[in-house]
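Below: the structure, in structure tokens.
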Amino acid sequence: MTRQILVTSALPYANGHIHLGHLVEYLQTDIFVRFQRLRGHRVAYMCADDTHGTAIMIRAEKEGRTPEALIAEMSEAHQRDFAAFGVSFDHYGSTNSDANRQVAGGIWQKLVEQGLVVERAVPRLFDAEKGMFLADRFVKGTCPRCKTPDQYGDACEACGSTYPATELIEPRSVFSGSAPQLKDSKQFFVRLEPLQQKLTEWTQQSGALQPEVANYLKGHFLDKPLQDWDVSRPKPYFGFEIPGQPGNFWYVWFDAPIGYIASTVEWCAKTGQDVDQWWRNPDCEVVHFLGKDITYFHTLFWPAMLHCGGYSLPKRVHIHGFLKVNGEKMSKSRGTFVNARRYLDFLEPEWLRYYYASKLGPKIDDLDFQTEEFVGKVNSDLVGRVVNLASRSAKFVEQTGLSASYPDDGGLFARAAAMAETIAACYEACDFREATRLVMTLCDAANEYVEQKAPWTLKKDPTKARELQDVCTVVLNLFHQIMVYLTPVLPGLSAKAGALLGSAMDYWSLAQQPLVGRPVAKFTHMMARVEAARVSEMFTPEEPTPASIPAAAPSPTLEKEPLQPDITIDDFLKVDLRVAEVLEAKAVEGADKLLQLTLGLGGDVRRNVFAGIKKAYQPEQLVGRLVLYVANLAPRKMKFGVSAGMVAAAGTDGEVYLMSPDSGAKPGQRLH
RNA sequence: GGCAGGAUAGCUCAGCUGGUUAGAGCGGCGGCUUCAUAAGCCGUAGGUCGCCGGUUCAAGUCCGGCUCCUGCUACCA
């Protein structure tokens, strides 16, 4: 039966270029899509750029151009990168399109009609001088955590912490420089609680989600009343103004997934189809691919919107993990944060397609790009086992072509043909790792056959010309089958195989019938080998150009926590730093990071302090030692008691190093 | 601390509803071959299946407890 399947990949944000991490998703989706097409199903692969939001607006402003100009450029760059990797979208749209505005408006209308939109006043920061509310990114101030100045209102770039903009120290508007005030803002919320039952049913029983995802939702969200979702942002905002609510815009996450539908709308208009046949048709399967970071948008909000808007709920939401490189998170400083374009400067796209395919299973596990493994898979699997089959047989039949009838091969072809459905099931389940592994077993069998028949020996005996042709006919047919099975993963290589044998490579069942009595083209090189050095080179941070090398080598620690602006001696004297002796130290029940310290300041003066140093120090090793103590920090009430002041320590990224005075210092002495 | 996921050969992973000597690929080692993009073939060595207990005739496979890792979440000045 021909199925109708609408497939999406998450919309890449227009604020950055496509990198290897993105490609895990797009290549995975593309393999799935190409597989379905190969099976003869009707497939629409929809994607678009996600273009709205504050980040885009700020960046465009910084670069002195309109957001529209910025997103146009990014869309072009994204599509160029995707095309280079063979990602075969049927349509690539933009969330900043008329179609998207209309679909979003339609869904909004339905939400309003169903009484799911509520209006509420929320205190937000307000720039009185400019007369406007400030999005988090428009407020700058000192980070409440690490005290780095000049940080945005939502997150600190120095310490990575996030916080509400209202917690910033000395906040100011980036527009007027004035101190923002708190003022009630009109915000629109979508109520999700009325949909609780529907969502519970869909997440837990429809089979659309991987089991671990269903569990996650059940334990995290569905076990308590669902919170209303704040879907509006006051102007200025790059996005769509909410109909009838001047000055209020849909939050980027409201209209982003709607881009899936809008993209389909544009595609249908272009191709003369009815969009409802794709999005309001119970016989059409909607399948989303996305990363684990955006799970809950796609498994709670999005189905809620679809449901209310009268669209089909996804048949399947397939979630994947993140990309790591040689066991570690991708990192710009280590050079492992590699853009698609940089990859193309060093390596071949099909290598990556195969490598990812050979690693991707149906679960959410992260995928680790390991240099040696990559080289091994490409060189031994693809070149050594797959391509080598053609390479070691094609030239013997260049003159004669394939035998007129398929020779006896001991059942090899039939066995491989019989495996078609097993392999197909692996593709269907997104277990590409198993699919490619199975295909490799076919390669092994084929190579054994070559070894046994030794065509190079047959060639020496003119009376065995017929046998030589038969052997090569078998080998090339096994190669052809293998390439049919690998077509979703390696469309480029598949096309070359097709050209060699005159096969269209466009249908899964081509693997069922042997090719006979046809010419074989001259064998040409099909795939290069990888050099490990090229891969390493790609992952090596680029040398800064001479002009940009600063006079002094940058300090990595200073980069994490930049030096602070100058203060006066009076400022410094406000801080009362004392030598203190640790009299007691013990773990705090129920706290992972805290130790409770009793500090002595000489005589009987004692202070109780909770310090986040448990991971670095044992309580017993602290007792008796002298530490540096911030004596006049206002006491802070914590879950476990009141902490009076703090113990000074250095360190980033979880490291903790306590300060110690030289020997001879006495508890209670002040630092000058 | 809560929730979720994981812990099986050097590496990446399979092991479904419990059942003969625990598997694959890569890597290692030994040999063969030379048609082929220094490709291929054959053979071989590696595992107390995280730890402890339980259920069972029988447990990586089920149950309980523990340890460690990862992610989200919280307390963290």
Side-chain angles (χ1 to χ4, degrees), chain A residues 144-147 161 210-221 223 292-293 295-296 321-322 324 326-327 329 355 358-361 363-370 372-396 431 433-434 436-438 440-441 443-460 468 471-472 475 523-530 588-595 609-615 629-630 633-649 654 656:
Chain A
R145 297 284 168 94
C146 71
K147 307 293 191 278
S161 60
Q210 290 134 300
E212 56 265 54
V213 177
N215 287 343
Y216 160 75
L217 295 171
K218 190 174 165 189
H220 261 81
F221 301 98
D223 59 335
K292 63 185 183 183
D293 52 328
T295 296
Y296 87 125
F322 295 149
K324 292 185 168 183
N326 293 322
K329 284 185 184 173
Y355 180 67
S358 77
K359 302 270 289 178
L360 280 166
K363 294 200 210 163
I364 309 183
D365 306 330
D366 288 347
L367 189 159
D368 192 14
F369 187 116
Q370 298 184 88
E372 280 180 37
E373 189 186 37
F374 176 82
V375 172
K377 294 230 181 203
V378 172
N379 289 351
S380 14
D381 288 8
L382 291 184
V383 179
R385 296 208 262 176
V386 180
V387 174
N388 198 211
L389 283 171
S391 167
R392 66 197 306 204
S393 59
K395 69 171 189 186
F396 296 129
D431 194 351
R433 180 171 54 205
E434 182 65 5
T436 52
R437 195 189 67 78
L438 287 172
M440 285 309 132
T441 65
C443 290
D444 290 343
N447 274 306
E448 277 171 48
Y449 177 84
V450 176
E451 201 69 23
Q452 250 172 44
K453 298 293 178 181
W456 52 94
T457 310
L458 297 174
K459 186 186 63 171
K460 291 174 186 161
L468 176 64
V471 166
C472 292
V475 176
F523 180 79
T524 51
H525 204 264
M526 286 186 172
M527 177 172 279
R529 305 170 64 78
V530 202
V588 181
E589 185 143 357
D592 279 355
K593 300 181 184 172
L594 292 182
L595 289 183
V609 174
F610 290 98
I613 58 173
K614 182 177 176 183
K615 293 215 162 146
Y629 170 61
V630 185
L633 187 67
R636 184 164 165 120
K637 198 175 158 201
M638 293 166 52
K639 183 175 169 186
F640 313 102
V642 176
S643 183
M646 65 183 258
V647 172
V656 178

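Residue numbers start from 1 in every chain, and the chains themselves are labelled A, B, ... in the order their sequence lines are given, proteins ahead of strands.
Of the P atoms belonging to B:rG71 and B:rA59, the separation is 36 Å, rounded to the nearest Å. Nucleotides B:rA36 and B:rC41 have their C1' atoms positioned 13 Å apart, rounded to a whole Å.
Look at A:Asn215 and you won't find any side-chain N or O under 4.0 angstrom from OP1 or OP2 of B:rC3. For B:rA39, the OP1/OP2 oxygens have no side-chain nitrogen or oxygen of A:Arg392 closer than 4.0 Å. For the pair A:Arg433 and B:rA14, the criterion of a side-chain N or O lying under 4.0 Å from OP1 or OP2 is met. Between A:Lys329 and B:rG71 there is a side-chain N or O to OP1 or OP2 distance below 4.0 Å. Between A:Lys395 and B:rC35 there is no side-chain N or O to OP1 or OP2 distance below 4.0 Å.
The side chain of A:Phe396 approaches B:rC35 more closely than any other nucleotide in the set B:rC26, B:rU37, B:rC35. Among B:rA77, B:rU34, B:rC42, the nucleotide with an atom closest to any side-chain atom of A:Met646 is B:rA77. When each of B:rC11, B:rU37, B:rG40 is scored by its nearest atom to the side-chain atoms of A:Arg385, the top-ranked nucleotide is B:rG40.
A:Lys377 comes within contact range of no nucleotide atom at all, as no heavy-atom separation falls under 4.0 Å.
Between the P atom of B:rU73 and the OH atom of A:Tyr216 lies a distance of 8 Å, rounded to the nearest Å. Whole-Å rounding puts the A:Asp381 CG to B:rA39 P distance at 13 Å. Between A:Leu594 atom CG and B:rC75 atom P there is a gap of 11 Å when expressed in whole angstrom units. Atom pair A:Gln452:CD and B:rC41:P shows a separation of 12 Å (rounding to whole Å applied).
In the displayed structure, A:Glu212 atom CD is contacted under 6.0 Å by more than 12 heavy atoms of other residues, nucleotides or ligands.
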Where do A:Met440 and A:Val386 land on the side-chain contact (heavy atoms from CB on, under 4.5 Å) test, with the steps shown first? CA-CA 8 Å; A:Met440 285 309 132; A:Val386 180; 3.7 Å; yes
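The base of B:rG40 sits within donor-acceptor range of the side chain of A:Glu451, with an N or O pair under 3.5 Å.
Nearer to the 5' terminus of RNA chain B, by closest-nucleotide assignment, is the contact made by A:Phe322 (compared with the other of A:Ala611 and A:Phe322).
Stem regions annotated for RNA chain B: B:1-7 with B:67-73, B:10-13 with B:23-26, B:28-32 with B:40-44, B:50-54 with B:62-66, counting only runs of 3 or more consecutive pairs of Watson-Crick or G-U type with both contacts under 3.5 Å.
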